[in-house]
Amino acid sequence: MKQTPNANPSPSYRHRVYAVVRQIPPGKVATYGQVAGLVGGCTARMVGYALSSLPDGSDVPWQRVINSQGRISPHGYGLGSLLQRQLLLAEGVALDLTGRIDLSIFGWLAAAR
DNA sequence: CGGCTGACTCTGG
DNA sequence: TCCAGAGCCAGCC
């Protein structure tokens with residue numbers, strides 16, 4: 001089936017974000033801004049809020065979504081960020097000692113400024 | 001219907 | 001490199 005990311009009428013804005021995030025290949029990471037751009041007509045914040053409202057048991061690799069700085073935001077009492085880091089390492093994504101990811105290498109669209 | 005919160009991003013110091 | 005403030009929209013109480 002053809003995936004029409006931004007041309008797919010979703011019941012909710014969040015579902016549309018999930019569709020894009022779900023297209024992120026393993027071992028790669030995308031920024032909120034990138035996802036927002038793919039979704040179209042939305043800001044990076046909307047993506048973050050959508051993921052924050054992520055339903056339980058969803059197949060959305062939210063862990064592959066990070067901020068523009070290539071870093072993990074301190075979400076969920078700080079426990080979620082730790083979990084995300086572990087998941088990324090398990091995916092093969094190398095994290096810097098400071099917790100930074102090289103978007104020019106692991107970035108899905110390699111949006112290195 | 002009104003108000004608050006939130007996994008962001010940018011610019012300046 | 002780190003800190004602070006402002007702009008933004010959607011969802012929930």
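Proteins come first, then strands; the chains are lettered A, B, ... in the order of their sequence lines, and each starts at number 1.
Applying the ring pair (Phe, Tyr, Trp, His ring centres under 6.0 Å) criterion to A:Tyr18, with sequence neighbours excluded, gives A:His15. Residues meeting the side chain to side chain contact (heavy atoms under 4.5 Å, CB included) test with A:Pro74, sequence neighbours left out: none. Residues satisfying the side chain to side chain donor-acceptor pair (under 3.5 Å) criterion with A:Ser53, sequence neighbours excluded, are A:Arg14. Every residue two or more places apart in sequence or in another chain that forms a side chain to side chain contact (heavy atoms under 4.5 Å, CB included) with A:Ala44 is listed here: A:Tyr32.
With B:dA7, B:dT9, C:dT1 as the candidates, the nucleotide lying closest to the side chain of A:Leu51 is B:dA7. Looking at the side chain of A:Thr31, the nearest of the listed nucleotides B:dA7, B:dT9, C:dT1 is B:dT9.
Atom CD in A:Gln69 sits about 11 Å away from atom P in C:dC3, given to the nearest Å. Regarding A:Tyr77, its OH atom lies at a distance of 14 Å from the P atom of B:dT5, rounded to whole Å. Atoms CZ (A:Arg64) and C1' (B:dA7) sit 17 Å apart, rounded to a whole Å. Rounded to a whole Å, the CH2 atom of A:Trp62 is 16 Å from the C1' atom of B:dG6. What separates NE2 of A:His75 from C1' of B:dG6 is a distance of 13 Å, to the nearest Å. The CG atom of A:Asn67 sits 13 Å away from the P atom of C:dC2 (whole-angstrom rounding).
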According to the Watson-Crick and G-U wobble definition with distances under 3.5 Å, which dot-bracket string, read 5' to 3', encodes DNA chain C, using [ ] for crossing pairs and | for pairs with another strand? .||||||.|||||
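Under the ring pair (Phe, Tyr, Trp, His ring centres under 6.0 Å) criterion, the residue pairs touching residues 46-69 of chain A are A:Trp62-A:His75, with sequence neighbours excluded. Within the structure, ring pair (Phe, Tyr, Trp, His ring centres under 6.0 Å) pairs that include any residue of residues 79-99 of chain A do not occur (at least two apart or interchain). Listed by first then second residue, pairs satisfying salt bridge (charged side-chain N to carboxylate O under 4.0 Å, His left out) with a partner in residues 60-74 of chain A read A:Arg64-A:Glu91, not counting sequence neighbours.
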Kindly indicate, with the supporting measurements, whether the criterion side chain to side chain contact (heavy atoms under 4.5 Å, CB included) is fulfilled by A:Phe106 and A:Ile66. CA-CA 11 Å; A:Phe106 298 102; A:Ile66 56 179; over 6 Å; no
All N/O contacts under 3.5 Å from nucleotides 8-11 of chain C to the protein, with atom names and distances to one decimal?
unit_1, atom_1, unit_2, atom_2, d
C:dC8, O2, A:Arg45, NH1, 2.5
C:dC8, N3, A:Arg45, NH1, 2.8

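At B:dG6, none of the side-chain N or O atoms of A:Ser52 fall inside 4.0 Å of OP1 or OP2 (strictly under the cut-off). In terms of phosphate contacts, A:Arg100 brings a side-chain nitrogen or oxygen within less than 4.0 Å of OP1 or OP2 of C:dT1.
In this structure, A:Arg71 reaches neither bases nor backbone, as no heavy-atom distance under 4.0 Å exists between it and the strands shown.
When atom types are taken as modelled, the side chain of A:Gln63 and the backbone of A:Leu88 share no donor-acceptor pair closer than 3.5 angstrom.
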